[in-house]
Structure formats: structure tokens, C-alpha cells
Asks: 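One structure follows; several queries about it will come next.
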There are 2 protein chains.
Amino acid sequence: MPLHQTPPPDYEVERALLRQIGQRITAQRLQILHALRAAERPLTADELAAALHPLPIDPTTIYRVLHFLYEHGLVAQLTPEQGRQRYKYRDPDDLHHHLVCLRCGSDMQIPDESLDTLRETLCARYGFTVKVNHLMIPGLCATCRTQSPCQQTTA
Amino acid sequence: MPLHQTPPPDYEVERALLRQIGQRITAQRLQILHALRAAERPLTADELAAALHPLPIDPTTIYRVLHFLYEHGLVAQLTPEQGRQRYKYRDPDDLHHHLVCLRCGSDMQIPDESLDTLRETLCARYGFTVKVNHLMIPGLCATCRTQSPCQQTTA
DNA sequence: CTTCGTGCAAAAGCTTTGCAATGCG
DNA sequence: CGCATTGCAAAGCTTTTGCACGAAG
């Protein structure tokens, strides 16, 4: 084998991921998963298309596979305030944060991806790179906030 | 005056806001500002259009006025993960939060609206209503993170 | 009176849907 | 072999652009 960085893409990992969720293995899914895992930063649908040299994949399929992977928890979505939707690979078991209810004290864990958009915003606007695990976010849980549901309230 | 809730809309406040930023006062700007201030929750462009009974305003103009107001800091944008862009009135002086640099300890203040999208996400997904002021977010500031700019890193 | 803002029409951009052909298991 | 998945074409929906008219200061 030459000294190049590119090992033969047999997509072992990607195959395993699809098998784990009990879904069909197709060339398109393998390649898209692979490209997302290899990407250094979240990709838009067409950046992803561009990253798929071996076999060009129809945009339609890309969107469908992205939705598919999202539903199965293998990708996370990023929605920056300006610009297009982005997607990144999501490791099944990952970092998390905490929603702490101010009234009943309950502590709900949320996946790290919930902060993705905030990260993007703070990076774009202030050049600030968020580095945090177990961020505590105070507020009212679903049960306690019944009388005033989902206000954009700050306090 | 009858006991109804609707005072005659002379748009005093809206006029003052536009005058403060030294921009022209038009019927469209007044009405859009008024509707946003009156709205209980962030509006999409066409919810806004629907809320403008007196004088129907062209969608084009609505978008242009929203951009205009955004540039002048009078509205904030919300970008939920699913669904359309939303806009809400932004009070010129407002709550804020802190970006704390882990390396140099610098503390940068950011407006509360930076959390809007996170709020929306947590509310939609978990029914959790964020209630926080002076949230401390650790990370690396623009100066300190020069060697690894804007990674989606967590640590 | 001069400049800026608006409405209309049309385009642009991204994403989704319908349907027949192909590939997976 | 049966059913899920793909590609292609076309539609859908939100937002943007060009241009001439009209309003603001």
C-alpha cells in the first residue's frame, strides 16, 4: 500500500451503523454517511454532493438520505441564522447538557447537538468557540410551565 | 372612547424609534414595527402580513422592512430547526449573557436574542421554557482561538 | 425638488413530490 | 421475488431582484 492517506473505502463503520439500526445498506447511504463522518465541519446538501466524487448522487436522494439519517439519529441538523441548513454526523452516544427546572428541580439531559446552532451563531458573530460540557440551563419544565406554555420569556 | 382595548393607532412609539435611528417614517414601517411589538410571539413574514389589516403590504416590502429593521437593531431573527424564519421586536436596551474565555478570562456580553433559537429548539423539543439572565458560556475568544478557528468543538 | 421607498412582475434558490426503473435482502 | 430506494422531471414555497411610480423630507 502506498503512503497516501486514503485507505480503500470499504465503509466498515458505516455498514455497521446502518446494520445497527436495522436498515438497508445502499451505496448512497454508505457514501453520505462516510462523507459526513469525514467532514471537518457541518455540510450543506450541495457541499455534501460535491464531496461525493466516486459516484454522483442525485440531490433528491441526498435530501432523502439526510432525512432518513436524521430520523435514525445518525445526523444532527444545524440551522444558522443566515445561510443554509447544515448537517453533521452524530455519534450515537455523546456529550450532553442539562435543563434544570426552577420550580420542581427536575434535571433533563439533552444531546450536545442542541447547542449546535448557538455555537454557529456565536462563532459567526463573535469569533467565539464554545467549549462546554454539562451546561446548566435554568427554566421551567414541561409540567411546571403548563399555565404559560413556550413563551419567549427571559428571567 | 369605548371600553375596547384598541386605542387609536397614532404610532407614537414607532415614530420615535424610527426617528431615533434617523430613518424615514413610512406607513409600512410604522405598521410593521407596531405589529411586531404587539405580537405575543415571533412572527413569520406572512403571519406578519396577515396581522396588517389596515393596509395590505406587499410581501416584498415586508421582507425589505424586516431586513431594514434588523440592520438597525430593532428586530431579532429566530431560526428554528424546522420551519420558517421568525422575527420579533427587539428592545434597544435589553438583557444579556456572557461569553467567558477559558484561556484569557475575557468576558464578552452578548444580547439575549442570541439565545432565541436555542429557546425555540428547547421549547419545541422538550417543552422547556428557558428562563435565564447572565448565562455564562465558556469557550475560547476570537483572539485565543486563532490557531483553531470556529471548530464545532465541545470540551 | 431630490432621494428613498414601494408595488408589481418575474426570477432565483432550495427542497419536496410523483412515478417508473433499479437494487437490496 | 417482493418491497424499499433511487433517479429524473417537474412542482412548490419562500425570498430576492429590476424597474417605474409615488411618497418623504
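All values below were derived from every heavy atom in this structure, side-chain atoms included, with hydrogens, water molecules and symmetry-related copies excluded.
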Asks: With B/Arg64, which residues qualify under salt bridge (Lys or Arg N to Asp or Glu O under 4.0 Å), at least two apart?
Replies: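 Salt bridge (Lys or Arg N to Asp or Glu O under 4.0 Å) check on B/Arg64 returns nothing, list empty.
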Asks: Find the distance B/Leu48:CG to D/dT14:P and express it as a whole number of Å.
Replies: 14 Å
Asks: B/Asp46: which residues meet the salt bridge (Lys or Arg N to Asp or Glu O under 4.0 Å) condition with it, sequence neighbours left out?
Replies: B/Arg84
Asks: Which whole-number value in Å describes the distance from B/Gln85 CD to C/dG13 C1'?
Replies: 15 Å
Asks: Among residues at least two apart in sequence or on other chains, which ones pass side chain to side chain contact (heavy atoms under 4.5 Å, CB included) with B/Pro59?
Replies: none
Asks: Please check the phosphate of C/dG23 (OP1 and OP2 only) for any side-chain N or O of A/Gln28 closer than 4.0 Å.
Replies: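 Checking C/dG23 against A/Gln28, no side-chain N or O comes under 4.0 Å of OP1 or OP2.
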Asks: So, does B/Arg84 get its side chain near the phosphate of D/dC13, meaning an N or O under 4.0 Å from OP1 or OP2?
Replies: no
Asks: Calculate the interatomic distance between A/Ile62 atom CD1 and D/dG7 atom P; express it in whole Å.
Replies: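 Rounding to the nearest Å, CD1 of A/Ile62 and P of D/dG7 are 9 Å apart.
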Asks: Taking CG from B/Leu66 and C1' from D/dT16, how many angstroms apart are they, rounded to a whole number?
Replies: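 Computing the B/Leu66:CG to D/dT16:C1' distance gives 14 Å.
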Asks: What one-letter contact string describes nucleotides 18-25 of chain D from 5' to 3', where B marks a base within less than 4.0 Å of any protein heavy atom, S marks contact via sugar-phosphate atoms alone, and - marks no contact?
Replies: B-----BS
Asks: Considering only distance and modelled atom types, tabulate donor-acceptor pairs under 3.5 Å from the side chains of residues 67-79 of chain A, sequence neighbours left out.
Replies:
| residue | atom | partner | partner atom | Å |
| --- | --- | --- | --- | --- |
| A/Gln77 | OE1 | A/Gln85 | NE2 | 2.3 |
| A/Thr79 | OG1 | A/Gln85 | OE1 | 3.3 |

Asks: For B/Arg86, is there an ion pair with B/Asp116 - N to carboxylate O distance below 4.0 angstrom?
Replies: no
Asks: In this structure, how many angstroms lie between the C1' atom of D/dG7 and the CD atom of A/Gln31, rounded?
Replies: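 One finds 15 Å between C1' of D/dG7 and CD of A/Gln31, rounded.
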Asks: Scan for salt bridge (charged side-chain N to carboxylate O under 4.0 Å, His left out) pairs involving residues 13-31 of chain A, sequence neighbours excluded, and state none if there are none.
Replies: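 Output for this query lists A/Glu14-A/Arg37.
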